[in-house]
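Accompanying notes for the structure given below.
In each ligand, atom 1 is the first atom listed, and ligand 1 is the first ligand listed. Numbers here are sequence positions counted from 1.
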Amino acid sequence: MKIRTVFAGLVAATFSAIAMAQAPIVIKFSHVVAVDTPKGKASEFFAKKAAELTKGKVKVEVYANSSLYKDKEEMEALQLGAVQMLAPSLAKFGPLGVKEFEAFDLPYIFDNTAELHKITQGPVGASLLAKLEPKGIKGLAFWDNGFKSFSANKPLKSPADFKGLKMRIQSSKVLESQMRSLGALPQVMAFSEVYQALQTGVVDGTENPHSNLYTQKMHEVQKHMTLTEHGYLGYAVITNKKFWDGLPGDVRGQLEQAMKEATVFANSIAKEENDGALEKIKASGKTQVYSPTAAERTAIKKALVKTHTDMESRIGKETIQAIYKETGFDPAKL
Ligand code: LMR
């Protein structure tokens with residue numbers, strides 16, 4: 001009887017050891033946007049690729065739409081190891097103490113995606129990601145979203161139209177300065193709270209690429225939108241460094257490959273997703289979409305370019321100059 005009990009115990013222990021040895025490594029990937037957006041689709045793509053390339057050794061669980069954490073909490077959760085992966089917008093790294101990322105928020109710093117990719121896919125981008133390491137964070141990739149439009153319940157055609165408007169921004173001092181240079185009152189707010197804040201009038205307006213505006217239904221509570229393309233919004237995919245460094249080498253290599261492929265995918269769909277969202281916003285008839293004239297565009301640019309000098313000491317002259325050098329941007333020419 002005794003021998004039988006010992007034997008049964010041994011069998012149970014062996015089975016649970018095998019089960020444990022085969023239990024997948026779980027990566028919780030939290031983000032704040034809808035599934036039907038460039039980031040939403042790219043994170044699902046990464047999850048599928050990771051399962052495929054690791055042959056099931058890794059299971060990536062994607063939590064979209066702030067279902068696990070909101071903006072600020074998700075950064076803390078990553079550092080504490082409660083989640084393993086995030087893709088916050090580049091405008092959200094200031095509170096972490098990595099102010100250089102706010103260079104991406106400078107108005108009109110990129111004329112197009114090709115210029116942006118000189119940074120995100122080149123040495124400047126790599127050196128920016130390296131700045132995360134002392135914070136216990138490993139930067140894996142940059143993912144595109146797109147260029148932003150302004151929205152409000154009144155037409156926004158000239159800088160004077162922004163005066164006194166409460167405009168929701170992400171937690172970036174550059175965006176704060178941008179709104180102030182238009183005479184608006186910036187209000188930092190988590191992405192998950194913006195729709196309601198617009199609906200109830202807590203804020204008057206906002207800015208985002210069209211895929212975000214559309215999937216959060218912000219256009220349903222904003223009467224006007226102006227296609228200013230005044231700034232860029234994109235992401236850094238990040239992981240907890242200790243977690244990443246602790247992965248078996250072969251698994252880490254397979255995940256790096258999955259991330260490479262997910263990045264190509266993200267960047268190939270971003271423009272299409274935003275163009276499609278703009279068409280749907282127009283078709284909804286809920287927002288009047290305005291394309292500024294050349295003269296109106298110039299007036300808005302002239303009002304906003306001051307942000308570059310105002311924010312130089314915060315971001316660091318070196319980072320700003322490195323970007324100008326790669327892209328050929330010259331604020332004096334605006
Ligand atoms: C926002 O907060 O406006 C965006 O950064 C959300 C996102 O992740 O695209």
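Cation-pi geometry between K157 and Y290 is met: the NZ or CZ atom falls under 6.0 Å from the ring centre, inside 45° of the normal.
Contacts between T37 and ligand 1 below 4.0 angstrom, taking non-hydrogen atoms only, are absent altogether. Looking at R168 against ligand 1, only its side chain comes within 4.0 Å, counting heavy atoms. Only side-chain heavy atoms of N212 come within less than 4.0 Å of ligand 1; its backbone N, CA, C and O stay farther off.
Residue contact check: V32 has heavy atoms under 4.0 Å from atoms 6 (C), 8 (O) of ligand 1. Every atom of ligand 1 is numbered from 1 in the order shown, and the set under 4.0 Å from a heavy atom of S89 is 5 (O). Short contacts between ligand 1 and K92, defined as distances under 4.0 Å to a heavy atom of the residue, involve ligand atoms 1 (C), 2 (O), 4 (C), 5 (O), 6 (C). The distance from ligand 1 to the heavy atoms of K39 drops below 4.0 Å at these ligand atoms: 7 (C), 8 (O). Less than 4.0 angstrom separates some heavy atom of L233 from each of these atoms of ligand 1: 4 (C), 5 (O), 9 (O). For ligand 1, the atoms sitting less than 4.0 Å from at least one non-hydrogen atom of N208 are 1 (C), 3 (O), numbered in the order shown with element in parentheses. Which parts of ligand 1 touch V33 is read off a 4.0 Å heavy-atom cut-off, strictly below it: atoms 6 (C), 7 (C), 8 (O), 9 (O).
The pair K49-E52 meets the salt-bridge criterion, since a charged nitrogen lies less than 4.0 angstrom from a carboxylate oxygen. A salt bridge links D310 to K306: one of the charged nitrogens lies within less than 4.0 Å of a carboxylate oxygen.
Counting non-hydrogen atoms of neighbouring residues, nucleotides and ligands closer than 6.0 angstrom, the NZ atom of K173 reaches no more than 12 such neighbours. Within a 6.0 Å radius of NZ in K223, other residues, nucleotides and ligands contribute 12 heavy atoms or fewer.
Using a 30° and 60° split on the angle between ring planes, H308 and F329 fall in the parallel class, below 30°.
Aromatic rings from F104 and F142 are positioned such that their centres are separated by under 6.0 Å.
The shortest heavy-atom distance from E207 to ligand 1 is not under 4.0 Å.
Residue contacts with ligand 1: D71 is placed with no nitrogen or oxygen under 3.5 Å of a nitrogen or oxygen of the ligand (distance criterion only).
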